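In what follows, a structure is listed as structure tokens, so that the remarks can point back to it.
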Amino acid sequence: MNPLNLLDNLNEPQQQAVLATDTALMVLAGAGSGKTRVLTRRLARLIHQGEAGVGEIMAVTFTNKAALEMRTRITELLRMDESVARRMWIGTFHGMGARFLRTHAEVLGFDPNFVILDSGDQQRLIKRLSEQMGFVDPYWTYKRLASSIGRWKDDGLGPEDLATTRLRSSRELQRLSDFYAAYQDELRRMNAMDFGDLLSNCLKLWDRAPELLTGYQRRFRHLLVDEYQDANKVQYDWMRRLAVDGALCVVGDDDQLIYSWRGARLDNILKFEEDFPNARVIRLEQNYRSSGNILRASGGLIDHNIGRKGKTLWTSGQEGALLELYVAEDGEDEARYVTREIMRLVPGQSFHDMAVLVRTSSQTRLFEQAFHEFGIPYRVSGGLRFMDRAEIKDAVSYLRLAHSMRDDLAFDRIINVPSRKLGPKALEEIQRAAAGGSLMDGARRVLETRGLGPAALGQLQKFVDLVDRAHALLEVAHPVEVLDRLLEESGYMEALELEERRADMRENLRELRVFLSQVDDLGAFLERAALEADPPGTEQREDGVSRVVISTLHAAKGLEFPVVFLVGLEEGLLPHKMAVDEGGQAAVEEERRLTYVGMTRARERLFLSHARVRRMFQRLEPVIVSRFLKEIPTGTIRKRETVITARRGVGIPRPRRRF
DNA sequence: CTTGGAGTTATTTTT
DNA sequence: TAACTCCAAG
């Protein structure tokens, strides 16, 4: 497009949102109202008009996918050179945080090559620490500890601030506060930060060195925040401090707030006008995505939420087809139904125009199986991610340890993988020898003092030598070579031979190798490995094959498809049992928003379904239909009769009546 | 001491 | 179903 026509094909409020750059701006953008278009045009215009240089704009998103998307669209819109586009600060909150903190790590007493812990690392550390400290409490499982600490960080609470939380007793308050503080000490000792630290340490950094903040405020002439409704306390503070009044634009939709479990607050939308008194608010309510029926159905559903700002989407488009509801016998039948419909639609639609949206990642398996059986190409997004696979984490841990010897979590993960007969007792000895230093140093000391049996010492020596050699090799060789040597000489590849899933694992490691070969700096690689669950070339798999997308509802936000299957509309799943049991009314409203997000992904056809019985763990449980289904206006849905399969009574067990 | 097997149990969503 | 704990063999 000619940059001069940046207002083409925009409606009145959209144009205003592109042009209003004199005061802070909040755009309340309903689903499908052209938000991304407005956002990219606004940025493109700022650059094109010379109101801000390419490097003076910051755009923050919540997911790497969204960041990449925005970057690509602006680059194309302005026909930017790759080298120029690179200078735009477009990324996730966490990515930006890491970037600031790497640059100024020493201000906070960290080494610039600090390690970023993912949630798995965090959990393992908390587990180890709670065992060490004798923190035993049936309620405070290490998982609960981990998620609570994460949540406190999201809420901007340090160990000293827990008094404001709802805890059972002052004794508990003290214990948790002590534990939280010990956890933070441990992170510091390891030169590590978890996800929450990437944000809260930025605030600390700016407190300690205000001139840095001033510098960045001057630098970033415009700050743009996407999916603003999902910002938590720390992200809000982060954003508010970085943006000078008038240089800020946030875009969000209270009906699509689906991350309150991570600290997102509706409050942010309400507070915006208080914190930026001159702020303008623009509402985008014309929907360009979905048919009238889909809009009416989803609008009827979301109307049942009490806590919302309220807005009414409208379209000038067609009513379109009615939604279809299918009641399946069980989960397998539901998957077969979706398969049949896809086959039926496929002459007119490409596979990649269709998506199956699920509440939990465990639901994906049924669809993968059915699609596999019927030869339907598919791609799973959300759910178990590339970087979470055991073999990938192992390989990355080897690299991490070679990169930073202080990375105790990496050490801990791989010291006995493959088995070196160095079990818990050996590790305990190493830990003792470390005496507060790193495990790597502890290992060296154990070797000096011969603090283990001869066989174990031999193995330990080999391990330490391997890491030392890899560390030295990093100076002169490409990381890929280092990885190859690590996996080969550690015996990891050999041990893989004994694994049952070795073909998969090998393939995954090969993909990791490809990804690694594309970077020239191990630090940059590890950064992305920590922050991006699915690095490019792994998740995207751009092989040109058109594939049906299977996605969790969370991962589907921001996407759209001509055909959407929203499955598992059952109590316990949607709304999820956890939300109903633990979160009460507010949590159910969030589940409703999640359903709303799913429905509004659809452009032309929306298929809903649920089963009559569902296999929960071992057991087939009778299903109660989702309350949300009843909240959808009846005139918008057509109910399809269950197709009675011939195998009924043979292959499909009937729900057993319980007494 | 380590390891593998048996038995048990608990299952959301993601940076 | 996978992830964890517990226990006995080597």
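Each chain gets a letter, A, B and so on, in the order the sequences are listed, and its residues count up from 1. Keep in mind it's a predicted model, so treat the numbers as computed, not measured.
- Between the CG atom of Leu357(A) and the C1' atom of dT12(B) there is a distance of 16 Å, given to the nearest Å.
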Are Glu560(A) and Arg601(A) close enough, and set up right, to give a salt bridge (Lys or Arg N to Asp or Glu O under 4.0 Å), and what steps lead you there?
CA-CA 4 Å; Glu560(A) 60 175 44; Arg601(A) 299 310 93 195; over 6 Å; no
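- Within 4.0 Å (heavy atoms only), Ser361(A) reaches sugar-phosphate atoms of the nucleic acid but no base atom.
- Protein atom CD of Glu590(A) is 12 Å distant from nucleotide atom P of dT14(B), rounded to whole Å.
- Leu457(A) has its CG atom 13 Å from the P atom of dC1(B), to the nearest Å.
- Within 6.0 Å of the CD atom in Gln369(A), the count of heavy atoms belonging to other residues, nucleotides or ligands exceeds 12.
- The residue among Leu427(A) and Ala530(A) whose nearest nucleotide of DNA chain B is located toward the 5' end is Leu427(A).
- First and last contacting nucleotides of DNA chain C toward chain A (any atom under 4.0 angstrom from a heavy atom, 5' to 3' order): dT1(C) to dT5(C).
- In this structure, the NZ atom of Lys65(A) is 15 Å from the P atom of dT13(B), given to the nearest Å.
- A side-chain donor from one of Tyr183(A) and Asp194(A) sits under 3.5 Å from a side-chain acceptor of the other.
- Looking only at atom types and distance, the side chain of Asp394(A) has a donor-acceptor partner in the side chain of Tyr492(A) under 3.5 Å away.
- For Asp197(A), the salt bridge (charged side-chain N to carboxylate O under 4.0 Å, His left out) partners at least two apart in sequence or on another chain are Lys153(A).
- Checked against the 6.0 Å centroid threshold, His372(A) and Tyr378(A) do not count as a close aromatic pair.
- With salt bridges taken as basic N to acidic carboxylate O contacts below 4.0 Å, one links Arg73(A) and Glu69(A).
- Within the 4.0 angstrom heavy-atom criterion, only backbone atoms of the sugar-phosphate kind lie near Phe62(A); the bases stay farther away.
- Less than 4.0 Å separates DNA chain B from at least one heavy atom of each of the following residues of residues 411-426 of chain A: Asn416(A), Ser419(A), Lys421(A), Leu422(A), Gly423(A), Pro424(A), Lys425(A), Ala426(A).
- Here Lys127(A) lies in heavy-atom contact (under 4.0 Å) with sugar-phosphate atoms only.
- In this structure, Tyr142(A) atom OH and dA10(B) atom P are separated by 12 Å, rounded to whole Å.
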Please lay out, stage by stage, how Phe195(A) and Phe93(A) fare under the test ring-ring contact (aromatic ring centres under 6.0 Å, His included).
CA-CA 10 Å; Phe195(A) 283 135; Phe93(A) 273 107; over 10 Å; no
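- Look at CH2 on Trp261(A): it is 4 Å from C1' on dT13(B), rounded to the nearest Å.
- Stacking is not found between His554(A) and the pyrimidine-like six-membered ring of the dT13(B) base under the 5.5 Å centre-distance and 30° plane-angle cut-offs.
- Evaluation of the ring pair (Phe, Tyr, Trp, His ring centres under 6.0 Å) rule for Trp89(A) yields Phe100(A), Phe220(A) as partners, not counting sequence neighbours.
- Listed by chain and residue number, Arg614(A) satisfy the salt bridge (charged side-chain N to carboxylate O under 4.0 Å, His left out) test with Glu570(A) (two or more places apart in sequence, or in another chain).
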Nucleotide N/O of nucleotides 6-8 of chain B paired with protein N/O under 3.5 Å:
none

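- Summarising the geometry, the separation between OH on Tyr259(A) and P on dT15(B) is reported as 6 Å, rounded to the nearest angstrom.
- Contact between the side-chain N/O atoms of Thr552(A) and the OP1/OP2 oxygens of dT14(B) is found at a separation under 4.0 Å.
- Toward the 5′ end of DNA chain B lies the nearest nucleotide of His576(A), the other residue of the pair His576(A) and Gly196(A) mapping further downstream.
- Between Glu527(A) and Arg99(A) there is no salt bridge, since no side-chain N of the basic residue sits under 4.0 Å from a carboxylate O of the acidic one.
- Ring pair Phe463(A)/Phe411(A) is perpendicular by interplanar angle, where above 60° counts as perpendicular and below 30° as parallel.
- If you measure from atom CD of Glu227(A) to atom P of dT13(B), you get 19 Å, rounded to the nearest angstrom.
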